[in-house]
Number of protein chains: 2
Amino acid sequence: MEKVPMRITYQRKIILEELKNLGNHPTVDEVYMVVKKRLPKISMSTVYRSLEVLSKNGFIKKIEPVDTQKRFDDNTSTHYHFYCKNCEKMKDAPLKPEMVKKLEKEIGAIEKIMEGNGYKVDGYTLEFFGTCKSCEQK
Amino acid sequence: MEKVPMRITYQRKIILEELKNLGNHPTVDEVYMVVKKRLPKISMSTVYRSLEVLSKNGFIKKIEPVDTQKRFDDNTSTHYHFYCKNCEKMKDAPLKPEMVKKLEKEIGAIEKIMEGNGYKVDGYTLEFFGTCKSCEQK
DNA sequence: ACGAAAACAATAATCGTTTTCAATTAAATG
DNA sequence: CATTTAATTGAAAACGATTATTGTTTTCGT
């Protein structure tokens, strides 16, 4: 979470305030809509940039997919993925089948707990990211 | 994985073939580029639609984010999320702190293993999806 | 208070994906 | 095997989310 020079502008104060009011992980659009009530002239790009900066400086946390593009896999069995930020490829997580089995069981138990709490769990995604072996070797 | 009436068209045969050749989880665009060599007139939308249908029928597996939109969280500590497909809200996974701790440890160990395999692991995302409690109660 | 750097609003551009629609084709039916 | 009909196609436009650009305004160290 590398810090970045950040000015405390009026817009950013309000965006942070309203984000906290909203609670539950709002989308940028949701933040925009409530902030606009107090700052009718604010633009979407300001909200985007401000949220980005606030998260880079550790005030808030960004929730975003490891990779936004759709991908398709000819292997239909359960396994986990590793996204390499360098070559931008999605690889199979380099794990032995017994490790995958173990994790699957572990997470399955967690799902049961959530079901017990009144949630209906259809599934989950677990993706790792970083630099893959072949990129790392260079 | 609900089955859907599917015709085995020439395009689909070739898309499936080439997906298998490509191996590593290609994006739609990557599939399009190789398929175009054999079917110069094929359109992007056909590739999108075909991959979708092939995955709906269990021939291949779709890898996609639980939710594509960026979201922001005022809680900066580690915790997992649950995406409700009904109300389209991202909630905190309803798990006790000790459960989160345990999972974190478990997955941390997995990361170590991958690091031992020559990968540099920056992090991971774990997201559950389904129907949340309040939507389920209706 | 002054001036450089950062942030702003507005707008256009981009990216990945989905939709629309008329023409074509697979496969079920007679 | 010819006919029917419903699915599929290609081409193009539309789409939603995000980013880049532009000229103007604001913040904040000096």
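What's counted below: heavy atoms across the whole structure, side chains too, no hydrogens, waters or symmetry copies. Residue numbers begin at 1 in each chain, while the letters A, B, ... track the order of the sequences.
Below 30°, between 30° and 60°, or above 60°: for A:Y80 and A:Y124 the angle between ring planes is between 30° and 60°, a tilted geometry.
Residues A:H25 and B:D74 have side chains that never bring a donor and an acceptor to within less than 3.5 angstrom of each other. A donor-acceptor contact closer than 3.5 angstrom is absent between the side chains of B:D67 and B:H81. A side-chain donor-acceptor contact under 3.5 Å links A:S77 and A:N75.
Using a 4.0 Å heavy-atom distance criterion, A:R12 is classed as a sugar-phosphate-only contact.
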Q: Step by step, work out the salt bridge (charged side-chain N to carboxylate O under 4.0 Å, His left out) result for B:D73 and B:R71.
A: CA-CA 7 Å; B:D73 191 347; B:R71 291 170 179 273; over 6 Å; no
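The nearest whole Å value for the distance from the OH atom in B:Y10 to the P atom in D:dG10 is 12 Å. Here the P atom of nucleotide D:dG10 and the CD1 atom of B:I14 are 11 Å apart, to the nearest Å. The nearest whole Å value for the distance from the CG atom in B:L51 to the C1' atom in C:dT18 is 14 Å. Rounded to a whole Å, the NZ atom of B:K13 is 9 Å from the P atom of C:dA26.
The residue among B:R49 and A:E52 whose nearest nucleotide of DNA chain D is located toward the 5' end is B:R49.
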List every contact pair, protein side and nucleotides 27-30 of chain C side both N or O, where the distance is under 3.5 Å.
| from | atom 1 | to | atom 2 | distance (Å) |
| --- | --- | --- | --- | --- |
| C:dA27 | OP1 | B:I8 | N | 3.2 |

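Put simply, the side chain of A:T46 never gets that close to the backbone of A:I42: no donor and acceptor are under 3.5 Å apart.
Counted within 6.0 Å of NZ on B:K62, heavy atoms from surrounding residues, nucleotides or ligands total more than 12; the atom is thus considered enclosed.
Side-chain N/O atoms of A:Q11 include none lying less than 4.0 angstrom from OP1 or OP2 on D:dT26. Between D:dT19 and B:K70, a contact under 4.0 Å exists linking OP1 or OP2 to a side-chain N or O.
Contacts of residues 23-48 of chain A with DNA chain C (heavy atom under 4.0 Å): A:K41, A:I42, A:S43, A:S45, A:T46.
The two residues A:R12 and A:L54 come nearest to each other via the heavy atoms O-CD1, 4.3 Å.
You'll find the side chain of B:L126 reaches within 4.5 Å of the side chain of B:L103, heavy atoms only.
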